[in-house]
2 protein chains.
Amino acid sequence: MATAYAVQQHSDLPRMRPAPPPPRKAEAGIIPLLPGITTELHRIGTPVAVARGEEVCAAGSPTDYVYKVVDGTLRVSRLLPDGRRHIASFLMKGDFFGFADLGDYSHSLEALTDCALIRYPRRRFDAVLEADPQAGQQMFRLLCQQFNAANELLMTLSRKTAAERLATFLIAMTRRQGGAGSRQVALAMPRVDIADHLGLTIETVSRVVTQLRRQKLIDLRGSNDVMLLNPDGLEDLAGD
Amino acid sequence: MATAYAVQQHSDLPRMRPAPPPPRKAEAGIIPLLPGITTELHRIGTPVAVARGEEVCAAGSPTDYVYKVVDGTLRVSRLLPDGRRHIASFLMKGDFFGFADLGDYSHSLEALTDCALIRYPRRRFDAVLEADPQAGQQMFRLLCQQFNAANELLMTLSRKTAAERLATFLIAMTRRQGGAGSRQVALAMPRVDIADHLGLTIETVSRVVTQLRRQKLIDLRGSNDVMLLNPDGLEDLAGD
DNA sequence: CGAGCTCTTGATGTGGCTCAAGAATCGTGG
DNA sequence: CCACGATTCTTGAGCCACATCAAGAGCTCG
């Protein structure tokens with residue numbers, strides 16, 4: 001489960017992709033922040049600031065902490081030995097990380113933007129969950145949501161076309177960022193992250209974006225600022 | 001979230017695949033079975049027998065029950081409106097179904113073999129989880145496992161080749177069925193289910209099986225009885 | 001023992017990947 | 001505020017892994 005293996009190329013494997021450059025290790029500067037948690041958890045959390053591009057924790061390292069996102073966007077990713085990458089999810093305000101991992105983190109957590117997090121020592125976190133049923137319920141519900149999101153993505157990756165994947169992604173991101181009726185998204189992640197999330201390449205993502213634009217389903221104001229011109233049409237394309 | 005939509009073909013969508021025939025509805029015959037659960041849960045469970053091919057519950061129907069598998073193998077699947085299918089997981093002895101779904105089931109549950117299940121009324125199930133922290137913890141751990149399995153599959157579907165996917169699948173199934181050192185699997189599911197699990201077609205699965213056989217990585221005794229001739233080689237191929 | 005599956009194999013097609021330039025965009029320092 | 005180097009994004013040409021289409025070959029179970 002370690003991240004940086006030597007490359008052991010197999011005879012007929014796809015050619016290797018250079019692994020993305022390892023992000024700088026987070027300095028974990030302590031900043032003052034109101035926790036805003038409704039349970040016992042707020043007593044054991046420490047506010048932490050993380051700069052854009054920093055790695056908060058590495059896949060394979062021991063799960064010493066659980067994190068809650070207060071502000072900013074992060075990516076949850078994992079590498080194959082030869083550098084192929086998958087981004088399991090993007091985390092935003094209110095999302096938790098690390099409480100489903102047992103011994104070690106299965107994924108890395110990296111900041112896409114400057115972020116404000118709250119860090120909970122794992123042992124105490126577990127202790128609170130045991131002692132406070134309220135908190136336990138809340139974490140259980142949260143884990144359910146994450147599990148359901150993972151299953152959505154499974155359907156998307158296993159059976160949808162590139163255009164359907166992107167439509168699904170854009171709708172989901174728009175909802176998360178602005179609520180149900182919203183028609184605008186400021187995507188915090190570059191194309192390569194979208195590609196690695198959707199099981200595509202940057203080029204394909206780029207091509208599909210222009211295709212959706214030509215079909216008047218979306219419009220761009222700067223490459224990461226997306227406007228949904230025809231949400232119903234997009235939804236239709238996304239399927240289910 | 002309903003299953004049987006009218007087909008609304010989009011201009012340039014992939015051609016439709018005929019939806020798999022709807023399985024017969026389960027008769028849910030009550031049979032005598034020892035529950036074998038270590039918590040309060042055993043008091044509210046009812047043994048249920050389900051015949052091969054029957055649907056235990058349908059995607060989109062209300063989550064009236066949670067199920068535990070006592071014996072047999074089932075598939076957890078979901079359809080796109082045009083019939084494309086994904087199988088999220090296969091359930092075996094000890095696995096639970098339905099406790100992560102909120103209002104309605106997001107997936108269908110269908111028996112691949114004759115099965116023995118235990119059925120828990122959802123309301124009472126939730127009540128037990130609230131009252132019995134022991135049971136709550138157990139379900140939380142179980143959900144963690146399912147979540148981690150889903151993430152494994154995400155990595156597989158997003159970035160692995162057909163051969164790597166099948167190798168990953170065969171190793172996982174072998175471990176689940178016979179433990180770490182085992183070298184044999186009796187696959188309970190037909191090729192089409194493997195294909196829908198791994199995001200491939202039957203033909204590709206079939207071709208990869210023969211390819212792995214030619215490479216002396218596996219051998220078959222009957223099309224569903226697999227022997228791992230070279231587990232390390234397979235593992236290598238599976239990656240990570 | 002034969003009807004209906006499921007599985008295998010072959011021929012051909014194609015969606016998305018790879019390789020290769022450019023064009024925008026973004027930081028950064030002068 | 002602008003120049004410019006670096007990064008990200010777009011676009012094109014060609015290719016390849018896997019899908020599709022089409023037969024057969026085994027199984028399985030009345």
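Order of the sequence lines fixes the chain letters, A, B, ..., with proteins taken first and strands second; residue numbering starts at 1 for each chain. Note that this is a predicted model, so its numbers are computed, not measured.
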Would you mind reading off the distance between [X] atom [atom1] and [N] atom [atom2], rounded to a whole angstrom?
X      : N      : atom1 : atom2 : value
A/R84  : C/dG16 : CZ    : P     : 19 Å
B/L166 : C/dC7  : CG    : P     : 13 Å
B/R214 : C/dT8  : CZ    : P     : 11 Å
B/I202 : D/dC21 : CD1   : C1'   : 12 Å
A/L220 : D/dT10 : CG    : P     : 7 Å
B/E203 : D/dC18 : CD    : P     : 14 Å
A/M189 : D/dT8  : CE    : C1'   : 15 Å
B/I194 : C/dT6  : CD1   : P     : 13 Å

From the set [options], return the single nucleotide nearest to any side-chain atom of [X].
X      : options               : value
B/V209 : C/dT8, C/dG16, D/dC9  : C/dT8
B/S206 : C/dT6, C/dG16, C/dT8  : C/dT8
B/R207 : C/dT18, D/dT10, C/dT9 : C/dT9
A/P190 : D/dC18, D/dT8, C/dT18 : D/dT8

[N] phosphate, OP1 or OP2: any side-chain N/O from [X] under 4.0 angstrom?
X      : N      : answer
A/N224 : D/dC9  : yes
B/T201 : D/dA19 : yes
B/T210 : C/dT9  : yes

Over-ring placement of B/R119 relative to B/Y65, 6.0 Å and 45° cut-offs: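 Checked: cation-pi criterion met.
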
Relative to each other, are the rings of B/F97 and B/Y67 parallel, tilted or perpendicular (30° and 60° limits)? tilted

Divergence of helical axes at both termini of the helix from C/dC1-D/dG30 to C/dG30-D/dC1 - five pairs an end, 10° steps: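 Taking the rotation axis at each end, their angle is 50°.
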
Between B/D101 and B/S106, is any side-chain donor less than 3.5 angstrom from a side-chain acceptor?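 Present: a donor and an acceptor within the cut-off.
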
DNA chain D: 5'-proximal contact among A/T204 and B/V205 (nearest heavy atom):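 Nearer the 5' end of the strand: A/T204.
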
